Amino acid sequence: MADKNPKKDPNDQNFFNKNPLLTFAIFSLLIIILFKSFIDTQEGQFGAQNTASMGSGSAITQTKTVPYSDLKKMIKEGRIKYVSIGQTTIKAISNEGGYKTLFIAKKVGEDNTLIPLLDKMGVEYSGYVESNWLGEVLFGWVLPILIFFGIWMFLASRMQKNMGGGILGMGSAKKLVNSEKPNITFDDVAGVEEAKEEVKEIVEFLKYPERYIRLGAKIPKGVLLVGPPGTGKTLLAKAVAGEASVPFFSVSGSSFIEMFVGVGAARVRDLFEQAKKEAPAIIFIDEIDAIGKSRAASGQIGGNDEREQTLNQLLAEMDGFSSDTPIIVLAATNRPEVLDPALLRPGRFDRQVLVDKPDFEGRVKILKVHVKHIKMAPDVDLDEIARLTAGLAGADLANIVNEAALLAGRKNKEHVEQEDFREAVERAIAGLEKKSRRIAPKEKRIVAYHESGHALIAETTKGARKVSKVSIIPRGLAALGYTLNTPEENKYLMQKHELVAEIDTLLGGRAAEEVFIKEISTGASNDLERATDIVKSMVSLYGMSDVAGLMVLEKQTNMFLGGGMSQKEYSEKTAEQMDEFVRNFLSERYKHVVNRLKEYSGAIEQMVHELFKSETIEGKKVREIIREFEKEHGIKSRLVDDESAIDEDLKKENKKAQNSEEYGE
């Protein structure tokens, strides 16, 4: 096993670096002593001159030390003009022959005859305070230093708490690092089985490093956990430390960045120094993209010197310990594309482990983990909740379970029931229900037809997502109603007909307003925006049109967070062709949706009636209404449940879509 106390840099072990506060106090004391000594010397000289010259304008010519008896004799003889009396010493000034002489004598006991003698001879006299070296040091030097040092320490401790580690938050990482031995294990992490398998050998290395060192194997120094937010990257890192029973040093990447250049690098050194003392250990840096961004992205001019120095120090530290040192650096990010290549090269972060959103089985396992301490009713079906939450991350599922428990507690229930979980899912997807918001009957009618149009097109279009619920109860910030379409499984690919089905579903609300209300409203603005984005993506990203053929016109720069900046690489002429294609394609699909709604007008009216009666209808009820209408009017079923019945219609729609692409002919 490697030495747990690695040899330290001698430059970091000198007295000044090890004792910064004591060094400050010593230097302050020396400066104050020198200053006061200089001032006191000058004051002493000037004080003696002033004392000696009192009574005349001439200066002292000589100083003599005489016995006390001789001094009294000179006073009786009238040779003394001025006397200054101290606690132990008497200073007297004579002025004979134009020359001023200072006589100094030590007092002998308590002499009660001196003052009467001075009065009798008409000699001026006064007292003075003799200097006490010990008192001068204690009250003139030491006490002010202690007061100053106490104030300085108080302010420093407050800054240390607020800014973390060291004076002004500089140098030390102790206050920024969360050091612990987690009790989390792999049993507490669900839905990321592949990621757990990747990191299990790290646990074995931390537990039994000699097995690998003996064989000459080199365990990765660093493992980068990448994935969307909320998928459990931090939890997985804690589980690795918990399984290995080793110290876990966790810190956020932004904690290294301060306004002073060099502070972040010092904190990186301090962090690794702490980990080496506790080896075997795990260092976990969350949101490493805060300090690990590519240095090339800042350009040749400008940039962030503090961040670059911090990154350089991190690179040096990861090269600084040997491959047999039982320290593993785990880092997490949801922006791996912006990281510096030097950080990702072998020898630093050797592996990238994807921690993705869970599939159906993963969601079921995650829900089971989070409901362990929840009192659930016997009829709760976690499989149904998992189907309703396709596309959600582990953090979302944990929030849904907690929200369901809060809803049940609000209603004073003994157990959390299935309806509480359903309501929690809708809150997470659509927002908070606002039954108190008053909507005029006219607007309520518009919303009912709008949402019914969405639901009917979704249920009668091949490739569209099934309807789970239709509601005209306002939710969230702006939604006056909603149609909940939840896929039963995560989709990683979408075929062209599925994208077209999504567009048709989005256009269904606007088309229903035109067909049944005879006037359009502003309620479809978001639907039109999303439909336009899908068609543009079909042209610029997916190569699903003749505008650019197989050429990609835009490059996405963020794979996990969505949105972000996109690089557009096409001419103005191509942009005009794209705009014309998008407009023609949406017009073609809109005509198709309008015809479908007119054909199923009776089903739409029945849905609106049910919505006015109960404000909410389930997806099962929507499908019953459509099925009964088709039977009553002898229409061949187009419900998505009966795929064989609409295959022929799908072929016709695909042919129409192809014809709409040939707009330039």
Side-chain angles (χ1 to χ4, degrees), residues 1-4 6 178-228 231-251 271-272 274-286 288 292 314-315 317-334 336 339 342-359 361-362 365-366 369 394:
M1 181 180 294
D3 184 9
K4 291 187 178 182
N178 180 21
S179 179
E180 59 177 328
K181 281 193 176 181
N183 54 5
I184 298 173
T185 65
F186 285 145
D187 293 335
D188 301 314
V189 182
V192 286
E193 302 305 320
E194 297 82 1
K196 284 198 293 185
E197 290 296 326
E198 285 290 328
V199 298
K200 276 184 178 178
E201 71 176 16
I202 296 177
V203 176
E204 293 295 319
F205 172 68
L206 292 171
K207 281 185 174 180
Y208 315 106
E210 62 277 358
R211 294 181 183 177
Y212 299 88
I213 297 173
R214 184 178 67 249
L215 299 174
K218 295 181 180 180
I219 293 298
K221 294 180 181 179
V223 176
L224 183 64
L225 305 176
V226 300
T231 51
K233 297 183 288 295
T234 303
L235 186 66
L236 181 60
K238 287 186 176 182
V240 173
E243 288 283 345
S245 298
V246 297
F248 182 75
F249 297 88
S250 63
V251 64
L271 171 63
F272 278 82
Q274 292 181 53
K276 290 175 183 178
K277 292 178 181 178
E278 301 291 336
I282 288 178
I283 297 175
F284 177 66
I285 305 175
D286 198 11
I288 194 174
L314 177 61
L315 299 176
E317 290 292 340
M318 294 191 70
D319 277 339
F321 54 88
S322 60
S323 59
D324 58 351
T325 303
I327 296 178
I328 301 294
V329 182
L330 297 179
T333 181
N334 40 45
L339 296 181
L343 197 62
L344 303 177
R345 73 158 176 83
R348 291 192 177 115
F349 284 103
D350 303 80
R351 294 187 181 179
Q352 293 189 30
V353 177
L354 175 63
V355 186
D356 207 352
K357 293 181 180 180
D359 55 13
E361 295 294 334
K365 292 179 181 178
I366 292 174
V369 169

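This is a predicted model, so every value here is computed, not measured. What you see below is based on every heavy atom in this structure, not just the backbone, and it leaves out hydrogens, waters and symmetry mates. The residues of the chain are indexed from 1 along the displayed sequence.
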Report yes if the side chains of [X] and [Y] come closer than 4.5 Å at any heavy-atom pair, otherwise no.
X: L236; Y: F186; value: yes
X: E193; Y: E361; value: no
X: T231; Y: L225; value: no
X: L343; Y: L315; value: yes

Practice prompt. Any chance you could lay out the side-chain contact (heavy atoms from CB on, under 4.5 Å) test for F284 and K238, step after step, and finish with the verdict?
Written response: CA-CA 9 Å; F284 177 66; K238 287 186 176 182; over 6 Å; no

Looking at every heavy atom in both [X] and [Y], which two are closest together, and how far apart are they?
X: G394; Y: I366; result: CA-CD1, 4.1 Å
X: I288; Y: A331; result: CD1-CB, 3.7 Å
X: A239; Y: V189; result: CB-CG2, 3.7 Å
X: G227; Y: K233; result: O-NZ, 3.3 Å
X: A241; Y: F248; result: CB-CD1, 3.5 Å
X: P228; Y: V355; result: CD-O, 3.6 Å

Fill in: Donor-acceptor contact below 3.5 Å, side chain R348 vs main chain A342
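Side chain of R348 to backbone of A342: a pair is present.
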
Practice prompt. Check whether any side-chain N or O of D350 sits under 3.5 Å from a backbone N or O of K221 as a donor-acceptor pair, and report yes or no.
Written response: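 At least one qualifying donor-acceptor pair exists.
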
In Å, rounded to the nearest 0.5 Å, how long is the span from [atom1] of [X] to [atom2] of [Y]?
X: I328; Y: L206; atom1: CD1; atom2: CG; result: 5.5 Å
X: K277; Y: F272; atom1: NZ; atom2: CZ; result: 15.0 Å
X: R345; Y: M318; atom1: CZ; atom2: CE; result: 9.0 Å
X: S250; Y: I283; atom1: OG; atom2: CD1; result: 11.0 Å

Item to complete: Any chance you could lay out the side-chain contact (heavy atoms from CB on, under 4.5 Å) test for F349 and V329, step after step, and finish with the verdict?
Response: CA-CA 8 Å; F349 284 103; V329 182; 4.0 Å; yes

Item to complete: Quick one: list whatever passes side-chain hydrogen bond (donor to acceptor under 3.5 Å, both in side chains) with K200, sequence neighbours left out.
Response: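 side-chain hydrogen bond (donor to acceptor under 3.5 Å, both in side chains) list for K200, sorted by chain: E197.
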
Practice prompt. Please determine if K196 and E243 form a salt bridge, counting it only when a charged side-chain N lies under 4.0 Å from a carboxylate O.
Written response: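 Not counted as a salt bridge, because no side-chain N and carboxylate O are separated by less than 4.0 Å.
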
Item to complete: Evaluate the side-chain contact (heavy atoms from CB on, under 4.5 Å) criterion for residues L330 and V199: first the C-alpha distance (whole Å), next the side-chain angles of each, then the deciding distance (0.1 Å), finally the verdict.
Response: CA-CA 10 Å; L330 297 179; V199 298; 5.5 Å; no

Worksheet item: Yes or no on side-chain contact (heavy atoms from CB on, under 4.5 Å) for L339 and L224, after CA distance, side-chain angles and deciding distance?
Response: CA-CA 11 Å; L339 296 181; L224 183 64; 3.5 Å; yes

